[in-house]
Amino acid sequence: MASEQVDVLVIGMGPTGLGAAKRLDQLDTLSWLLVDSDEKAGGLASTDVTPEGFLYDVGGHVIFSHYKYFDDCIDEALPKEDDWYTHQRISYVRYKGLWVPYPFQNNISMLPKEDQAKCLDGVIDAALDARVATTKPKDFDEWIVRMMGEGIADIFMRPYNYKVWAVPTTKMQCQWLGERVAAPDVKLVVKNTVLGKVAGGWGPNATFRFPARDGTGGIWIAVANTLPQEKKRFGKKGTVTKVDAEKKIVTMADGTTIGYNKLISTMNLDQLVERMGNQELVSLSKGLFYSSTHVIGVGIRGARPERIGDKCWLYFPEDNCPFYRATIFSNYSPYNQPQADVKLPTISLGDGSKPSSSEPKEGPYWSIMLEVSQSSVKPVDEANILRDCIQGLVNTEMIKPEDEIVSTYHRKFDHGYPTPSLEREGVLKQLLPKLQDLDIWSRGRFGSWRIPQMLDPRQPKNVGDIIVLAVLAAHILALYALPSPQSKYVFAAIYLFWRAAYNVGIGILLRWQSNDNTLVAWAQKWQLFELPSTGKNPRPWLYNLLKRESETEIHSEFDFDSAPIEYNTWLVFRRFVDLILLCDFVSYGLFAIACTHTPVGEPAFMTMVRWALGLAIVGFNFWVKVDALRVVKDYAWYWGDFFFLVDQELTFDGVFEMAPHPMYSIGYAGYYGISMMAGSYAVLFISILAHTYASSTAEQPEPMEIHNLLGLKNIDLFRNTDYSTCLLILYLVVLALVTPQGPFWQFLFVMHAFAWRIWYSVGLGSILHRQSEDKMWTRHFLKFGDTTNEAWRQWKGMYHISHVLCYASFIAACWKMYSVPVDWNYGFVLLRHVIGASLIALQVWTAMSIYESLGEFGWFFGDFFFDRGVKLNYTSIYRFLNNPERIIGTAGLWGAALITWSKAVFVLAWVSHLLTIGFLEFVEQPHMRKVYGESIRDEAGLTRFIKRSLPPYVVEWQSSVNKVMDQTSQVVEELLDAARPKLAAGVSTIVRDTTALFNKYPARLGISKSAPDLATYDPRNYSVTVQGESSSVSALTERSSGKEGTAGRFPNYLNTLIFEYGAPIKVKWTAPSNHGKKDWIGLYMVADNRSRETTDVSSLGRWIPTVPGQYESTTADKGILVSNVPAKSSDFDGIDLVKGEMVFSGDKLWWTQGVFEFRYHHDGNHNVMAISQPFEIHVARFDDEDVPAGVDQYANYQTAVEAALLPVVQNCLDRDPDIAPSKASEPWGSHVERDGKYAKRIVYAIRQMFGIEFAPAVVPADGRIRNLAWRICNAKKVLVSSINAFSFLSPRRHIHLALPDTRERH
């Protein structure tokens, strides 16, 4: 018989045990007791104090939470504002003497160039492999390689995780990851590496708070103090020595026994089953592994060094120190170490030597806490671990050899961390349920042998809900119960009801929620999520129902009780949305079934084609929805941002590159596929109605209220253009209505439309061409004293009238050629009208999208009239298509031809389409290339998507063809250039010199045969190819300035290599297997060497040998990736070949713009065996009128300059948070004044971007971006010789900017 009986016994006063007791105390419905073998609360989250007064947590612990309930408990324990310090996590990884920002895998831009290249190769390979992976990773190591690649795995992830977990990564499973390991965003990593940027904070603890006093352990002591004292047992009274699971009695170390109904244990799981004496469970627990943890503390006299700064915790993957993590514990609170006036003797110096004096001296003091793991596969020298850790601090420059150590601390925890071994989940799936069968719940770090994770809301739809199933079953039963004629009408009504519920009902709810947080307010008003135990919930049954449904829908770790009210409200809203969506889809499908039939007289082949095409469209629709869900996730799919915000970045690729609003546009393609299979116009019409309704509810931008020329709202009869347009249309309408439908009038109207089309495309096109060439239109008005603006205004009027009459005359011709069908059901008459109307709607939508993107400036070709270049922004429809007018811009003409079914209208549509293409090809595109040059995009979103979707063999074939074309073109050009003077000299020399030409150019270059050791080497067996990061902006498209001949304005579409400035360049070489061991490859400017046979100038250190270890140099071999790998034998002489790869980066690159080439040299000499294709290194330029997208018409130029400078300056300052500003008004750090390289980088960047040259001294003098931007704007003002203001043109506005002195002094 137990000496004491409780309903619930909780073992352990760590955070988990205290949390359980806290909830039991709040419920106040069960008797409970909390016990712990220690004399204080905290468990593995406690804090120790050394005799000298230094505090150390028993491991690196910080508090971070997504749960309001958790925060409330902590705030109750430590309620005062001065109980806490809030910190921004400043965390780094120590690697090769560098501090790399955390997480390492997102900041490989900070690594040495050769390591950057290795990591980038791995990241890219991993991304490509992931596209074809069909199985889940079998262990943590495979997960690392799949997510990050071999480079990051070898450099950081494998060595660091071995130091942390004390087991190899191949022995760990990967289900534990959650928020703990950041998977890199490939695009972001590559972008940051190329630009030298640093990724922002990641993870659940980017900001955290820390108690002002008593360390992390003080939190749990304070929480324990909020619990009744009589329900807590410490020391021997709290030490469990035996657990009798059958009798439900626990024996304590002091001999007392406690009976229980339920047991919550947070003690080590293996020790729990041993105390139970259950051999089956003990045997199972042998499959659980753990590592021991040594916590080391070092107290140092002196002010915290500047090299340490505000760093929080630091990671050490290398083997120059035994610890894997260091925490600057003195940074968390000034009370974590003795005060400065405390006198302490020096124990030793940093190098282990004795101090010159042992007399106590005053501080100040600072401290470091270290963690070292230990296991059977990773032993440590426990006797000397303190000494080894201090030496590791010296090795990693955390402390100096002469630093005075005044305090040390060492404590070992046998059970440090549970290892997520491959066997763990299998053991726990057996062990934990067996314990629960005995009314024992084992929880906590070692209670459940898992490290708890944050909330991970990956909410799958719960379609098995009985209410939804019942409603859907009722729909299906109704289809079979109703007679055929009635079922069509009933299900049409039912579908329209559910469609209205989706479009109108959900739309209204979301609008209310967005404006007033209405749904959450309702939940609060009705007290839906109040804990029933508080007595405030009037409907406990409803609370329990919602809890059960929500926790079933999410996962076992989701806690409905403590989740925020916004999140719970969203979960209920999701269920409501699921019900509507399922009923909407099912009712539509049943309506289609009710209407399905085979048209009378339809051949069997046509039926098969109709069904095959319909199924294909439905399959495409299914892919669209699945891919859209992949991109936006459940959070955006169910409008989670109307309820709460999540800090995440979305990459809108895949289906989002195919069409705007894909879920509302091509996402409804399945409707038309089902209509096609049903063979019913009723289904087609209701599909069009539903699609139109859905599209109208999609987010649409509101146009600005400006007195523009286009749009019905902008018609102003007081304006001559509008008055004339309306009058001409009225005459045309009257003429079409009063004239008869005879052949003569039909011919007349068709020719009238043809004439307007010729004038619109050819006439106006000729005017624009002349305007592009010599400003013909503008000069005409300037001749009479008018301005450019007046010339453009007059042009707009002419173009507007011509455009309106072109289409009005076409409509009038269609009116004359159209006759109303006698029998709408005959043949394809109705289908023709439906398709025709759809094509007309498509052209109208295309025109509206073009106008939405371009505005009046672009619609009326403003860039033909104003010379200042601007930046092209590919928004709206231009995000997906480069020239939408080319195909769908004339869709309405073909739609009208289908409706009229007239040969004349078909011819008119065909001519109009050809003239539109001609206008684009010969008028608009040449001018766009001339004006925008490098800003013109080569591939639209849809094109990129299609290319990415091509099978790999097609992509390889295309790349091979492009490469052959490029190389062939260069060979022919070189041959012709070399042959031209020979041809001019006379026919008599041709035969003699032709042989010399082909001997000189067997492989696009030759070598000198003067060296005797070269006689056995054929240059055709050598090759050098180059791979790099392609530049999005280059000088290639700037070669057309309008001063060239017609042929000179067209860019070269061959595969010209243009690389980003400063990006690593991979070189791949091929050579005979017996090539010289000292062969080397150097990087040169193309113009530096006169000969292609020998190299004349020094590489200045920009070279790498093909074989490592051949040169006595510590830096020469850096960059070698692969060497002497057997390759395919030579095609023309059968010689065995080898290949290799190397990466040029850092000091081995030219840090300037220009055209460069790699040269392969023979055996340590300067004889050239092969030369790579020339490539360009280019720095992107920012023109002085280039205003970034997003700045509206009222934004001043200085703001735009600040926005443009901010990322550039951050890049120039290495994205170091100590010196790089986070906003324009923030000053940069003192390093800029001490090291002149930063100022030189910034002024060089300004010169390239803005064309303004400043002295480097300007940068430290200005001190911040805002002042620097003001200086740039002021320089621009002076350069354009304006007195009060200067103006800049953009596609949508003409802004005049005054420049007040807005500099901030510092």
*Asks:* Are Asp57 and Thr216 close enough that a side-chain donor and a side-chain acceptor fall under 3.5 Å?
*Replies:*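 Yes, Thr216 and Asp57 have a side-chain donor paired with an acceptor closer than 3.5 Å.
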*Asks:* With a 4.0 Å cut-off, would you call Lys22 and Asp72 a salt bridge?
*Replies:*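 Between Asp72 and Lys22 there is no salt bridge, as every charged N stays at least 4.0 Å from the carboxylate O atoms.
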*Asks:* Donor-acceptor pair, Lys163 side chain versus Arg325 backbone, under 3.5 Å?
*Replies:*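 Not confirmed, Lys163 side chain does not pair with Arg325 backbone.
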*Asks:* With sequence neighbours left out, what residues match Tyr160 under ring pair (Phe, Tyr, Trp, His ring centres under 6.0 Å)?
*Replies:*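 Only Phe156, Tyr315 meet the ring pair (Phe, Tyr, Trp, His ring centres under 6.0 Å) criterion with Tyr160.
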*Asks:* Stepwise, does the side chain to side chain contact (heavy atoms under 4.5 Å, CB included) test hold for Phe323 with Glu371?
*Replies:* CA-CA 5 Å; Phe323 46 86; Glu371 294 166 85; 5.8 Å; no
*Asks:* Would you find more than 12 non-hydrogen atoms of other residues, nucleotides or ligands less than 6.0 Å from Asn384 atom CG?
*Replies:*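 It does: Asn384 CG has more than 12 such atoms within range.
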*Asks:* Given 3.5 Å as the limit, does a donor-acceptor pair link the side chain of Ser37 with the main chain of Thr239, or not?
*Replies:*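 Checked: no pair found.
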*Asks:* Would you say that more than 12 heavy atoms from the other residues, nucleotides or ligands in this model lie under 6.0 Å from the OH of Tyr335, or not?
*Replies:*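 It does not: Tyr335 OH has 12 such atoms or fewer within range.
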*Asks:* Asp115: which residues meet the salt bridge (charged side-chain N to carboxylate O under 4.0 Å, His left out) condition with it, sequence neighbours left out?
*Replies:*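 Expected list: Lys96.
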*Asks:* When you measure from the side chain of Asp48 to the backbone N and O of Val58, does any donor-acceptor pair fall under 3.5 Å?
*Replies:*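 No, Asp48 side chain to Val58 backbone: no donor-acceptor pair under 3.5 Å.
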*Asks:* Please check this pair: side chain of Ser292 against backbone of Gly416, looking for a donor-acceptor N/O pair closer than 3.5 Å.
*Replies:*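 Checking the backbone N and O of Gly416 against the side chain of Ser292, no donor-acceptor pair under 3.5 Å is found.
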*Asks:* Salt bridge or not for Arg307 and Glu397, using N-O below 4.0 Å?
*Replies:*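 Answer for the salt bridge query: no.
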*Asks:* Please report, to 0.1 Å, the donor-acceptor pairs under 3.5 Å made by any side chain of residues 387-394, with sequence neighbours excluded.
*Replies:*
residue : atom : partner : partner atom : Å
Gln391  : NE2  : Asn395  : OD1          : 2.9

*Asks:* Run the salt-bridge test on Asp310 and Arg304 with the 4.0 Å N-O cut-off and return the result as yes or no.
*Replies:*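 Salt bridge present between Asp310 and Arg304.
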*Asks:* Would His415 and Asp270 count as having a side-chain donor-acceptor pair, cut-off 3.5 Å?
*Replies:*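 A pair is found: one side chain offers a donor N or O, the other an acceptor, under 3.5 Å apart.
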*Asks:* Can we call the ring centroids of Phe413 and Tyr290 under 6.0 Å apart?
*Replies:*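 Here the rings of Tyr290 and Phe413 have centres that are no less than 6.0 Å from each other.
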